[in-house]
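Lettering follows sequence order; numbering is per chain, from 1.
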Number of protein chains: 2
Amino acid sequence: MAEQARSTRMSTITDVAREAGVSVATVSRALRGLDRVSADTRERVLKVAQELDYVASPTATSLASGRTQVVGVVAPFLTRWFFASIVSAIEKSLRARSHHVLLFDLEDDSYDSRLSLSQNMLWKRVDGVITLNLPLDPDEVDLLDRLNLPVVAIGTPIVGRPLVAIDDAVAMRQATEHLIDLGHQRIAYVGAVPDNVAHVLTPQTRLESFRATMREHGLQDQQRWILASDWTADSALEHATELLSSNDRPSAIVAASDEMAFGVLRAAAVLGLSVPDDLSVIGIDDHSLSAVMGLTTVRQDVQQQGVVAGELLLEALLEGRDLDESQQVHVPTEVVMRTSTSAPRRS
Amino acid sequence: MAEQARSTRMSTITDVAREAGVSVATVSRALRGLDRVSADTRERVLKVAQELDYVASPTATSLASGRTQVVGVVAPFLTRWFFASIVSAIEKSLRARSHHVLLFDLEDDSYDSRLSLSQNMLWKRVDGVITLNLPLDPDEVDLLDRLNLPVVAIGTPIVGRPLVAIDDAVAMRQATEHLIDLGHQRIAYVGAVPDNVAHVLTPQTRLESFRATMREHGLQDQQRWILASDWTADSALEHATELLSSNDRPSAIVAASDEMAFGVLRAAAVLGLSVPDDLSVIGIDDHSLSAVMGLTTVRQDVQQQGVVAGELLLEALLEGRDLDESQQVHVPTEVVMRTSTSAPRRS
DNA sequence: CTGAAAGCGCTTACAG
DNA sequence: CTGAAAGCGCTTACAG
């Protein structure tokens, strides 16, 4: 019997009920471990369910219960280290609690733009959503409100929602002070973004923190040493090459991300500058390639951020806990010194 | 009325039917663009649906129609370049055809192992699945058969299923011959994996192709120059450092992946060897950081692989086309020469 | 061209 | 502790 069910089609709750000699309601209760079922009955139902290879249809369960056990994870793009790492952490942490990840990569084919969150992406399809460094426009916030979905933001804040992130100002202060403590005074910066992405907070916050830290230490940041970059290694390479080719070079560069730091490292290598003798370089992230590159950096624990965000959302989903802006989790960062920084050469 | 519906709850097909003065069956047909609906009726229904902000409940649609519009994408891990890139490509290509990606990252917390595909991950939850470089054990293939799901494999083949991949043997031949054509004879290799992962084909195929190519050109591959690596940059760095520290050095190294090539590049830099003067290095992939690193490599078009796999699956889902082992799509590869390779120094 | 009704496979009060 | 029945919100023959 079990064999036959197995070979023809997957069985339904009705099959289990018939085979166990009880009603479908009882099967439902027994399988979900609800209270009012006798030990005897439960055992029999479980045994039959196993024999029949029964797994409840998630789609039927969703329709009846109103919950999908699916969480939407929305990213502005996926191919950068931070995003892939955090999606991985979220997926594992949710699956450990029987939830699944429906993935949305909003990166558009047309350069420099992204798709909008839309109702038919989310409506009745997910129980909640986690956003990754995603500044939402008012319409999107509105949509989330109307859909009445629990949301947890990672990285970039969303009004009225919990946030899990590192403290960008602190991280940049750590990077900058690492250089200053080493004795550097001539420090350049890579990672100033164009005005049209001013709505993304992280770049702004890091740059401001760099400037504030320099000021506090009585150092001047020269505008000409604040390099633009779209936060890719390529653009950092380009701009750093220009800066480092000039006669008046900084003794150190802080890059607002490790990927940009890779570009700086490469610029130095191509120009024949020795790191850290001629130039110290520090980044922020602890990218998976940073150890290999010997890059000193400010490490952020991406995995932890994913796990914390997942737990917050699950608390809302499973225990009905309210989510609001008051819940701000800042994950600590720390300097990891490798071989790309040292005291400046006496000149 | 529309306003009220909007502010209180999302509307259902019944709301639209009532408001438009037709039956739910007619709404269903009109909205899905089916034949037998008068232009008048259709127009009215569409208008009302829009006013009410109606979006069909995917979960109800799934239960009634038997299709979820969701595709499972299963990866052994996510945080490496290839996987993140291809997931991104798949997500976009599927979403363009109204399908969504349910993501499974099988990487386990316990090092070196992965989770099994299980019935409750897939059963009634997805219409089909795409596997990424995932060697399946017999039980998993069996499960896929019982579930009767269309499957497309990327990278690593699965018995009885279509495959989208590059030709590993050709790619490695291209890499090796690039070096040979440049005049190299003393060529080392990084990327031999331990025996316990012998079921993953790519590493085996690439190594065999390296050896065959060397042989064909009358060159000997010394066993001592075949370096082990778990395919991370770290382990390549470690083994390359050892090799390059010896007196008897190769003039070139081919790495079976760009990430490993990064480790080799770093080893050379740390040891003060100049690339390409003292050592030529070539990889396979064209990783997003390869251009910045100046790495010569054999490019594979990951995006295209994702798109092709998505289309194959959609043909099966939407047009009922059968999928089987006979469908093998090999995406072409090509050498991209940058600054990490050159003719060997005359010695 | 349109509607009434059954059905998809569950969950959830409500009785008992 | 257990069952009968309604309901979740759609789709799909079947009539007309």
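The pair B/Glu51-B/Lys47 meets the salt-bridge criterion, with a side-chain N (NZ, NE, NH1 or NH2) lying under 4.0 Å from an Asp/Glu carboxylate O. A salt bridge links B/Asp145 with B/Arg161; the closest basic N to acidic carboxylate O contact falls under 4.0 Å.
Mapped onto DNA chain C by nearest heavy atom, B/Ala39 and B/Lys124 fall at different nucleotides, with B/Ala39 at the one closer to the 5' end.
Considering only side-chain N and O atoms, A/Ser23 lies nowhere under 4.0 angstrom from the phosphate OP1 or OP2 of D/dT2. The shortest distance between the side-chain N/O atoms of B/Thr41 and the OP1/OP2 oxygens of C/dT2 is below 4.0 Å.
The distance between atom CG of B/Asp15 and atom C1' of D/dC8, rounded to the nearest whole Å, is 14 Å. For A/Met10 and C/dC8, the CE to C1' distance is 17 Å, given to the nearest whole Å. Counting to the nearest Å, the P atom of D/dC8 and the CZ atom of A/Arg125 are 21 Å from each other. Note: CZ (B/Arg44) to P (C/dT2) measures 8 Å, nearest angstrom.
Each of C/dC8, C/dG3, D/dC1 was ranked by its minimum atom distance to the side chain of B/Leu63; first place goes to C/dC8.
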| said: Reading 5' to 3' and counting Watson-Crick or G-U wobble pairs with both distances under 3.5 Å, write the dot-bracket notation for DNA chain D, | for bases paired outside the strand. | reply: |||.||||||||.|||

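With A/Asp108 contributing its side chain and A/Leu115 its backbone, the two residues share no donor-acceptor pair below 3.5 Å.
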| Under the side chain to side chain contact (heavy atoms under 4.5 Å, CB included) criterion, do A/Leu144 and A/Leu122 qualify, and how do the steps go? | CA-CA 9 Å; A/Leu144 253 18; A/Leu122 266 19; 4.0 Å; yes

| message | Quick one, A/Leu132 with A/Ile130, criterion side chain to side chain contact (heavy atoms under 4.5 Å, CB included). Give me CA distance, side-chain angles, the key distance, then yes/no. | response | CA-CA 7 Å; A/Leu132 309 181; A/Ile130 297 179; 4.1 Å; yes

| note | Counting primed atoms, P, OP1 and OP2 as sugar-phosphate and everything else as base, the B/S/- map of nucleotides 10-16 of chain C against protein heavy atoms under 4.0 Å is BSBB---

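Applying the ring-ring contact (aromatic ring centres under 6.0 Å, His included) rule to pairs touching residues 55-79 of chain A yields A/Phe77-A/Phe83, sequence neighbours excluded.
By the 6.0 Å contact criterion, CD on A/Gln303 is open, its count of non-hydrogen atoms from other residues, nucleotides or ligands being 12 or less. At most 12 heavy atoms of other shown residues, nucleotides or ligands fall within 6.0 angstrom of atom CD in B/Glu43.
One side chain, A/Ser326 or A/Asp324, offers a donor N or O that lies under 3.5 Å from an acceptor on the other.
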